[in-house]
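Take a look at the structure set out below.
Values in this document were obtained by computation on a predicted structure and should not be read as measured data.
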Amino acid sequence: MLKIRKTFPSDIPLLIEIEYSANQAFTQIPQLKWLAESAVMSSDQHLDLIQNHDAFVAVNVQNQVIGFLYAEKQAQDLYIIELDVAAEYQQQGIGRQLMTYMIDFAKQQGFQAVTLTTFTDVAWNRPFYEKLGFELLNPQNLKPYLKQKINNEVEHGFVGDSRCAMQFILS
């Protein structure tokens, strides 16, 4: 039985391992292989996200952290910063459960939408979020913070048209 709980600073070493492990999926995509070889977030970056944003982990029956999700408030939206599941636990619905948890959390907190940026053509990105009910946003009509997020991603090496913004409207 999967459990989702708040993230603790003591989880950070595992979070770093999970992020690295999750990034290995990009070795399957030649133009994104560099992501599997690039640095992951530092301990300090994880600590900042845990202390200043919404941070949750998925733990298995052995109470082992196997996935995590970070989100931040952006006006009336809850923006998903990062979602990672350890490679050996992928394709088992854990990412879906973390996202469903965050959507419910956002509803309870009174947000109007859950938003994120992701790859347009990676199977476990845009199509995954569409199956959860997220809608692709027109790049010409993005809220300023989403435009800035994509611009930051491009500055860090992503190809601009490979990225998109999506939202899940809460009602």
Side-chain angles (χ1 to χ4, degrees), residues 2-26 32 34-60 63-87 89-90 94-119 122 124-125 128-129 132 134 137 142-158 160 162-168 170:
L2 184 74
K3 179 177 142 188
I4 297 174
R5 64 162 170 79
K6 285 278 213 186
T7 307
F8 306 126
S10 59
D11 295 325
I12 292 173
L14 283 172
L15 302 179
I16 291 170
E17 289 179 26
I18 290 167
E19 184 181 4
Y20 177 79
S21 171
N23 284 352
Q24 298 314 296
F26 289 105
L32 297 176
W34 63 274
L35 285 170
E37 300 163 354
S38 63
V40 295
M41 285 185 274
S42 69
S43 294
D44 288 343
Q45 289 170 307
H46 279 282
L47 184 60
D48 178 64
L49 289 166
I50 292 166
Q51 291 177 336
N52 298 306
H53 300 290
D54 294 304
F56 296 94
V57 293
V59 294
N60 62 15
N63 206 32
Q64 175 187 12
V65 176
I66 58 175
F68 68 90
L69 189 150
Y70 293 133
E72 67 184 8
K73 181 177 182 171
Q74 290 286 344
Q76 295 302 312
D77 297 342
L78 185 63
Y79 174 78
I80 304 299
I81 299 168
E82 182 89 15
L83 167 65
D84 285 314
V85 174
Y89 294 96
Q90 292 176 2
I94 295 161
R96 173 181 294 276
Q97 289 179 62
L98 278 163
M99 287 300 298
T100 301
Y101 184 91
M102 285 308 294
I103 290 167
D104 291 342
F105 174 83
K107 284 179 187 175
Q108 293 169 7
Q109 299 297 311
F111 288 100
Q112 293 177 354
V114 176
T115 61
L116 54 87
T117 58
T118 193
F119 285 106
V122 173
W124 61 89
N125 281 197
F128 165 76
Y129 294 114
L132 290 173
F134 281 78
L137 295 172
L142 296 180
K143 294 176 182 178
Y145 80 90
L146 288 170
K147 285 182 187 177
Q148 186 61 50
K149 296 287 184 186
I150 290 178
N151 288 340
N152 289 345
E153 293 166 355
V154 170
E155 288 174 14
H156 286 93
F158 295 99
S162 74
R163 304 296 293 168
C164 65
M166 303 183 80
Q167 75 177 354
F168 185 102
L170 303 169

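A donor-acceptor pair under 3.5 Å links the side-chain atoms of Ser38 to the main chain of Leu35, judged by distance alone. Using modelled atom types, one side-chain atom of Thr7 and one backbone atom of Phe56 make a donor-acceptor pair closer than 3.5 Å. The backbone N or O of Thr115 sits nowhere less than 3.5 Å from a side-chain atom of Gln167 that would complete a donor-acceptor pair.
Every residue two or more places apart in sequence or in another chain was checked for a side-chain hydrogen bond (donor to acceptor under 3.5 Å, both in side chains) with Asn63, and none qualifies. Asp104 pairs by the side-chain hydrogen bond (donor to acceptor under 3.5 Å, both in side chains) definition with nothing, not counting sequence neighbours.
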Table please: side-chain donor-acceptor pairs of residues 78-85 below 3.5 Å, with sequence neighbours left out.
from	atom 1	to	atom 2	distance (Å)
Tyr79	OH	Thr117	OG1	2.9

Can you check side-chain contact (heavy atoms from CB on, under 4.5 Å) on Phe119 and Leu32, steps first, answer last? CA-CA 10 Å; Phe119 285 106; Leu32 297 176; 3.7 Å; yes
Going through the checks in order, is the side-chain contact (heavy atoms from CB on, under 4.5 Å) test met by Gln45 and Tyr70? CA-CA 11 Å; Gln45 289 170 307; Tyr70 293 133; over 6 Å; no
Go through the steps for Asn23 and Glu19 under the test side chain to side chain donor-acceptor pair (under 3.5 Å), then give the verdict. CA-CA 6 Å; Asn23 284 352; Glu19 184 181 4; 4.6 Å; no
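Heavy-atom contacts from other residues, nucleotides or ligands closer than 6.0 Å to OH of Tyr20 number 12 or fewer.
Between Arg5 and Val57, some side-chain heavy-atom pair lies under the 4.5 Å cut-off. Put simply, the side chain of Phe111 reaches to within 4.5 Å of the side chain of Lys73, judged on heavy atoms. Gln109 is not listed as a side-chain neighbour of Asp54, based on a closest heavy-atom distance of 4.5 Å or more. Considering only heavy atoms from C-beta on, Ile12 comes within 4.5 Å of Ile50 through its side chain. Between Val114 and Phe134 the shortest side-chain heavy-atom distance falls below 4.5 Å. Side-chain contact between Trp124 and Gln90 is absent, with no heavy-atom pair separated by less than 4.5 Å.
Closest approach of Ala58 to Ile94, counting heavy atoms only: CB-CG2, 3.9 Å. Scanning all heavy atoms of the two residues, the minimum distance from Ile150 to Cys164 falls at CD1-C, 4.0 Å. Here the closest heavy-atom approach between residue Phe158 and residue Glu153 is recorded as CD1-O, 2.9 Å. Among all heavy-atom pairs drawn from Met102 and Ala71, the shortest one is CE-CB, 3.6 Å. Residues His46 and Phe68 share a closest heavy-atom pair of CE1-CZ, 4.0 Å. Contact between Phe168 and Ile103 at its shortest, heavy atoms only, is CE2-CG2, 3.6 Å.
Considering CG of Leu132 and OG1 of Thr100, their distance stands at 5.5 Å, rounded to 0.5 Å. Taking CD from Gln51 and CG from Asp44, the interatomic distance works out to 9.5 Å, rounded to the nearest 0.5 Å. The CG atom of Asp77 lies 3.5 Å from the OH atom of Tyr145; values are rounded to the nearest 0.5 Å. Going from atom CE of Met166 over to atom CG of Asn125 covers 9.5 Å, rounded to the nearest 0.5 Å. Between Ile16 atom CD1 and Ser42 atom OG the span is 7.0 Å, to the nearest 0.5 Å. To the nearest 0.5 angstrom, Lys149 atom NZ is 11.5 Å from Leu116 atom CG.
Note on ring orientation: taking the six-membered ring where Trp is involved, the planes of Tyr101 and Phe105 are parallel (angle under 30°, cut-offs 30° and 60°).
Between Glu155 and Asn151, the side chains place no donor N or O within less than 3.5 Å of an acceptor N or O (distance only, hydrogens not considered).
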